[in-house]
Amino acid sequence: MDEKEKNTGIKLEYEIIKDDFSRAGEASSNIKRVLRQLGIDSSVIRKTAIATYEAEINVVIHSEGGKMVVNIEPDKIEITAKDNGPGIKDIDQAMQKGFSTASQKVRELGFGAGMGLPNMKRSCDEFYIESEFGKGTTVKMIFKL
Ligand SMILES: Nc1ncnc2c1ncn2[C@@H]1O[C@H](COP(=O)(O)OP(=O)(O)OP(=O)(O)O)[C@@H](O)[C@H]1O
Ligand SMILES: [Mg+2]
């Protein structure tokens, strides 16, 4: 079996809780640890670590909560962050560097630079965002191996 085949079909799933700052970042650090154990290329790990952290924090601070799912396949890692609302009114605006609706309280914790979504998009090979205002947001990112 070649190196890449061994990682076929591994699926990781994490629940992300709204406003839970004490656990924010746990899912992304867990994902990083698993990818390391699987021997995934360190440059890919670095990129997925940035993207999963930003996605996780966005669900914590901007949404009603949701989940992150990681699918590791022989030739790619697919990461989906899906939340239960409230959704994004204007995706083009949300994608702009520096745009943020983060509250003062959240900014004091060090978030709210409006760089999360642009950094996620930059880190991955394929980026998809879907949002229905009032329903929820799904971000899907693909990293080629
Ligand atoms: N999952 C989400 N649900 C609802 N709104 C979101 C979600 N993710 C992002 N947004 C909206 O898009 C804006 C931009 O997101 P982005 O991650 O780029 O910046 P930020 O989270 O405000 O700040 P930073 O990520 O730099 O700490 C957010 O301020 C928020 O209005
Ligand atoms: Mg963000």
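Whatever order the structure lists them in is the order used to number ligands and atoms, beginning at 1.
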Nearest neighbour in protein (non-hydrogen) for [atom]:
atom                    : answer
atom 14 (C) of ligand 1 : Phe99 O, 3.3 Å
atom 20 (P) of ligand 1 : His62 NE2, 3.6 Å
atom 18 (O) of ligand 1 : Leu117 N, 2.9 Å
atom 10 (N) of ligand 1 : Ile88 CD1, 3.7 Å
atom 27 (O) of ligand 1 : Gly112 N, 2.7 Å
atom 12 (O) of ligand 1 : Ala94 CB, 3.4 Å
atom 23 (O) of ligand 1 : Gly114 N, 3.0 Å

Open item on the list: Less than 4.0 angstrom from a charged side-chain N to a carboxylate O is my criterion; do Glu26 and Arg23 meet it?
Closed with: yes
Task: Residues Glu15 and Lys67 bridged, charged N to O under 4.0 Å - done: no
Flag [X] as yes when one of its N or O atoms lies below 3.5 Å from any N or O atom of ligand 1, and as no otherwise.
X      : value
Met120 : no
Pro118 : no
Ala113 : yes
Met115 : yes
Val59  : no
Gly116 : yes

Provide the number and element of each atom of ligand 1 under 4.0 Å from a heavy atom of [X].
X      : value
Phe111 : 27 (O)
Ser100 : 20 (P), 22 (O), 29 (O)
Glu54  : 25 (O)

Open item on the list: Taking 2.8 Å as the cut-off, does Asn58 contribute an N, O or S atom near the Mg ion (ligand 2), distance below it?
Closed with: yes
Task: Gly87 touching ligand 1 at heavy-atom level, < 4.0 angstrom - done: yes
Open item on the list: Within the 4.5 Å heavy-atom criterion, are Ile77 and Asn71 side-chain neighbours or not?
Closed with: no
TODO: Compare all side-chain heavy atoms of Phe21 with those of Ile61 and state whether any distance is below 4.5 angstrom.
DONE: yes
TODO: Determine whether the side chain, the backbone, both or neither of Met95 has a heavy atom under 4.0 Å from any heavy atom of ligand 1.
DONE: neither
- [ ] Using a 4.0 Å heavy-atom threshold (strictly under), name the region of Thr101 that reaches ligand 1: side chain, backbone, both or neither.
- [x] both
Open item on the list: Within the 3.5 Å criterion, strictly below it, is a donor on Asn30 or Ser28 matched to an acceptor on the partner's side chain?
Closed with: no
Task: Flag for Thr138-Glu130: side-chain donor and acceptor within less than 3.5 Å - done: no
Please round to the nearest 0.5 Å and tell me the distance separating atom [atom1] of [X] and atom [atom2] of [Y].
X      : Y      : atom1 : atom2 : answer
Ile17  : Glu56  : CD1   : CD    : 10.5 Å
Ser123 : Ile50  : OG    : CD1   : 4.5 Å
Gln93  : Leu117 : CD    : CG    : 11.5 Å

Open item on the list: Treating Asp75 as the side-chain partner and Leu145 as the backbone partner, does any N or O pair qualify as donor plus acceptor under 3.5 Å?
Closed with: no
Open item on the list: Looking at Ile142, is its backbone amide N or carbonyl O close enough to the side chain of Glu126 to form a donor-acceptor pair, meaning the two atoms are under 3.5 Å apart?
Closed with: no
- [ ] Might you point out which heavy atoms bring Met68 and Ala55 nearest each other, and give the distance in Å?
- [x] SD-CB, 4.3 Å
Open item on the list: As a test of understanding, state which of Ile57, Asn58, Asp83, Val60 forms a side chain to side chain contact (heavy atoms under 4.5 Å, CB included) with Ile16.
Closed with: Val60
Task: Selected option - heavy-atom contact closest to atom 1 (N) of ligand 1, from Asp83, Asn58, Ile16, Val139 - done: Asp83
